[in-house]
Amino acid sequence: MLEGIKVLSFTHYLQGPSAAQQLADLGADVIKIESMKGAYERGWSGCNTYKNGVSVFFLMANRNQRAIALDLKSEEGKEVIYKLLKDYDVVIENFRPGVMDRLGLGYEDLKKVNPRVIYCSCTGYGSSGPYWKKPGQDLLIQSMSGMAALNGPGDHPPFPMGTSIVDQHGAILAALGIVSAVYDREKTGQGHKVDTSLLGSALDLQIEPLNYYMNGGQLTERTNTGLSTRIHQSPYGAYETKDGAVTVSLTPFEKLEQVFSPGSLDNWKPEDQMERRVEFDRVVCEELKKKTTEEWMAAFEEAGIWYAPVNEYDEVVKNEQILYNQCFLTMEHPVAGEVKVIGHANQYDGKPLPLRKLPPELGEDTEAVLSGIGYNKEEIEKLKAEGKILSK
């Protein structure tokens, strides 16, 4: 779908690689540019999860791409980039602000080589401003953006989300910005600088509570009941049952009267679900402890109440709808062996996107890429011998 879009990806960690992978999944020709040591995600993985020594953190966000390894501080390495830029006119990078400029690979440098370049910088707080030097990392930005303060029980410090939600949403925003800029360039002939930040991503994810707050909405305190937000009426969250937990969402008062114990809501009114949400939610908590999860789900199903089981991952990976949607992708890697990862989130014409290329080894495509832009065998061997490039 994005065939013809050619991308140079100077990315590491998660936000940048995931953005590049979104484009690569959709057919863009993406070359991952790495240092001679390789990108950070090759040598780190959450839960220390490696398959035969290969980082799952790397495998999850670098498929469908080629990879070359260069000494980007050398003139020879920069010359490779300048030559590639004649055809590869989209650049995405997520180094700290100023790093690419110091390397001679910033937007102002590269648009001199190719004025039509689309240059996307993925930063923590933006490419300039009072916070531009601060470390931009998912967990930190969840906290400073207000997101973490939305979560967790009232008798405990706030809980940041247990997944890199800001990184991943930032990746999607970066891919969207790039595609939009390319579309506009096709009409106008003008290149663009796209700036996307984790801070912007975190604020965008708070479109409901933050907009309510800025327009007079009163967010309640975090509670020790089942409420999972500071903005919704009760019930809205995961609630303890007789033998586990169940999630209940946005349920009309009259439906709660159908399933709760007779008389349990006699002293309450529908408006209390919001106006006295915490006190009302305590009643919900006590009611839901009276039956098992299965009993409640059967009652909710019959009453048309919105509910969901609280699944652990062993249940998620076997879920019939997830399997039907073909959400997971299995790769046969020559070193790692069988690797299961989350695939591209969308389907197109009723089908998921296929795997076209395994996540590359460091320098796997260096020689082929250099040959494609005019380097002969002797020049490539000389660059290898001088330590300016690395090839597999």
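None of these values were measured; they are calculated from a predicted model.
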[X] side chain vs [Y] backbone, donor-acceptor pair below 3.5 Å:
{"X": "Trp296", "Y": "Leu288", "value": "yes"}
{"X": "Asp281", "Y": "Leu227", "value": "yes"}
{"X": "Asn376", "Y": "Glu378", "value": "yes"}
{"X": "Asp71", "Y": "Gly77", "value": "no"}
{"X": "Gln206", "Y": "Ala202", "value": "yes"}
{"X": "Glu312", "Y": "Asp314", "value": "no"}
{"X": "Tyr131", "Y": "Ser128", "value": "no"}
{"X": "Ser371", "Y": "Val369", "value": "no"}
{"X": "Asp365", "Y": "Ala67", "value": "yes"}
{"X": "Asp272", "Y": "Lys269", "value": "yes"}

Measure across [X] and [Y] and return the closest heavy-atom pair with its distance rounded to 0.1 Å.
{"X": "Ala336", "Y": "Leu59", "result": "CB-CD1, 4.1 Å"}
{"X": "Asp25", "Y": "Arg356", "result": "N-NH2, 4.3 Å"}
{"X": "Ala69", "Y": "Thr366", "result": "N-OG1, 3.2 Å"}
{"X": "Ala181", "Y": "Val194", "result": "CB-CG2, 3.9 Å"}
{"X": "Val283", "Y": "Ser264", "result": "CG1-O, 4.0 Å"}
{"X": "Ser197", "Y": "Tyr125", "result": "CB-C, 3.9 Å"}

Quick check for you: to the nearest 0.5 Å, what is the distance between [X] atom [atom1] and [Y] atom [atom2]?
{"X": "Asn62", "Y": "Met60", "atom1": "CG", "atom2": "CE", "result": "10.0 Å"}
{"X": "Glu379", "Y": "Leu370", "atom1": "CD", "atom2": "CG", "result": "9.0 Å"}
{"X": "Glu93", "Y": "Met100", "atom1": "CD", "atom2": "CE", "result": "5.0 Å"}
{"X": "Ile5", "Y": "Ile178", "atom1": "CD1", "atom2": "CD1", "result": "9.0 Å"}
{"X": "Ile92", "Y": "Cys122", "atom1": "CD1", "atom2": "SG", "result": "4.0 Å"}
{"X": "His192", "Y": "Lys111", "atom1": "NE2", "atom2": "NZ", "result": "11.5 Å"}

Spell out, yes or no, whether [X] and [Y] are grouped together once hydrophobic residues are joined by side-chain heavy atoms under 4.5 Å, including indirect joins.
{"X": "Ile31", "Y": "Leu23", "answer": "no"}
{"X": "Met36", "Y": "Tyr40", "answer": "no"}
{"X": "Val30", "Y": "Phe10", "answer": "no"}
{"X": "Val90", "Y": "Tyr88", "answer": "no"}
{"X": "Leu84", "Y": "Tyr107", "answer": "yes"}

After noting the C-alpha distance and the side-chain angles of Thr293 and Asp243, does the key distance pass the side chain to side chain donor-acceptor pair (under 3.5 Å) rule? CA-CA 6 Å; Thr293 300; Asp243 65 347; 3.2 Å; yes
Hey, is [X] close enough to [Y] for a salt bridge, meaning N to O under 4.0 Å?
{"X": "Arg116", "Y": "Glu186", "answer": "yes"}
{"X": "Lys382", "Y": "Glu76", "answer": "no"}
{"X": "Asp29", "Y": "Arg66", "answer": "yes"}
{"X": "Lys78", "Y": "Asp109", "answer": "no"}
{"X": "Glu315", "Y": "Lys318", "answer": "no"}
{"X": "Lys32", "Y": "Glu41", "answer": "yes"}
{"X": "Glu295", "Y": "Lys290", "answer": "no"}

List the steps, then state whether side-chain contact (heavy atoms from CB on, under 4.5 Å) holds for Ser201 with Thr196. CA-CA 8 Å; Ser201 167; Thr196 183; 6.0 Å; no
Between Lys134 and Met144, is the side-chain contact (heavy atoms from CB on, under 4.5 Å) condition met? List the steps. CA-CA 12 Å; Lys134 290 183 177 291; Met144 70 82 58; over 6 Å; no
Has [X] got more than 12 heavy atoms of other residues, nucleotides or ligands less than 6.0 Å from its [atom1]?
{"X": "Trp306", "atom1": "CH2", "value": "no"}
{"X": "Ile373", "atom1": "CD1", "value": "yes"}
{"X": "Glu3", "atom1": "CD", "value": "yes"}

Worked check of salt bridge (Lys or Arg N to Asp or Glu O under 4.0 Å) between Glu381 and Lys384: CA-CA 5 Å; Glu381 290 300 322; Lys384 286 171 61 177; 3.6 Å; yes
Intermediate values then yes/no, side chain to side chain donor-acceptor pair (under 3.5 Å), Ser261 and Glu287: CA-CA 7 Å; Ser261 303; Glu287 283 295 304; 3.0 Å; yes
Cation-pi check for Tyr119 against Lys193: NZ or CZ below 6.0 Å from the six-membered ring centre and within 45 degrees of the axis, yes or no?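 No, Lys193 does not sit over the ring of Tyr119.
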Going through the distances and angles, do Tyr324 and Glu320 end up as a side chain to side chain donor-acceptor pair (under 3.5 Å)? CA-CA 6 Å; Tyr324 177 84; Glu320 58 184 353; over 6 Å; no
pair Leu105-Tyr82: side-chain heavy atoms closer than 4.5 Å: yes
Asn325 versus Gln321: any side-chain heavy-atom pair under 4.5 Å? yes
Could you list the donor-acceptor pairs under 3.5 angstrom formed by side chains in residues 147-175, with sequence neighbours left out?
| unit_1 | atom_1 | unit_2 | atom_2 | d |
| --- | --- | --- | --- | --- |
| Asn151 | ND2 | Met147 | O | 3.4 |
| Asn151 | ND2 | Phe159 | O | 3.2 |
| Gln168 | OE1 | Ser18 | OG | 2.8 |
| Gln168 | NE2 | Ser18 | OG | 3.2 |
| His169 | NE2 | Asp204 | OD2 | 2.7 |

Report the relative orientation of the aromatic rings in [X] and [Y]; use parallel for angles under 30°, tilted for 30 to 60°, perpendicular for over 60°.
{"X": "Phe253", "Y": "Phe280", "result": "tilted"}
{"X": "Phe300", "Y": "Tyr307", "result": "tilted"}
{"X": "His12", "Y": "Phe95", "result": "tilted"}

Per the side chain to side chain donor-acceptor pair (under 3.5 Å) rule, what does the pair list look like for residues 45-59, sequence neighbours excluded?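 Every pair satisfying side chain to side chain donor-acceptor pair (under 3.5 Å) with a residue in residues 45-59: there are none.
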Please evaluate residues Thr123 and Ser121 with respect to the criterion side chain to side chain donor-acceptor pair (under 3.5 Å), reporting the C-alpha separation (whole Å), side-chain torsions for both, the decisive distance (0.1 Å), and the verdict. CA-CA 6 Å; Thr123 62; Ser121 290; over 6 Å; no
Partner of Glu364 by side-chain hydrogen bond (donor to acceptor under 3.5 Å, both in side chains), out of Lys392, Lys357, Gln65: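 Among the candidates, only Lys357 passes.
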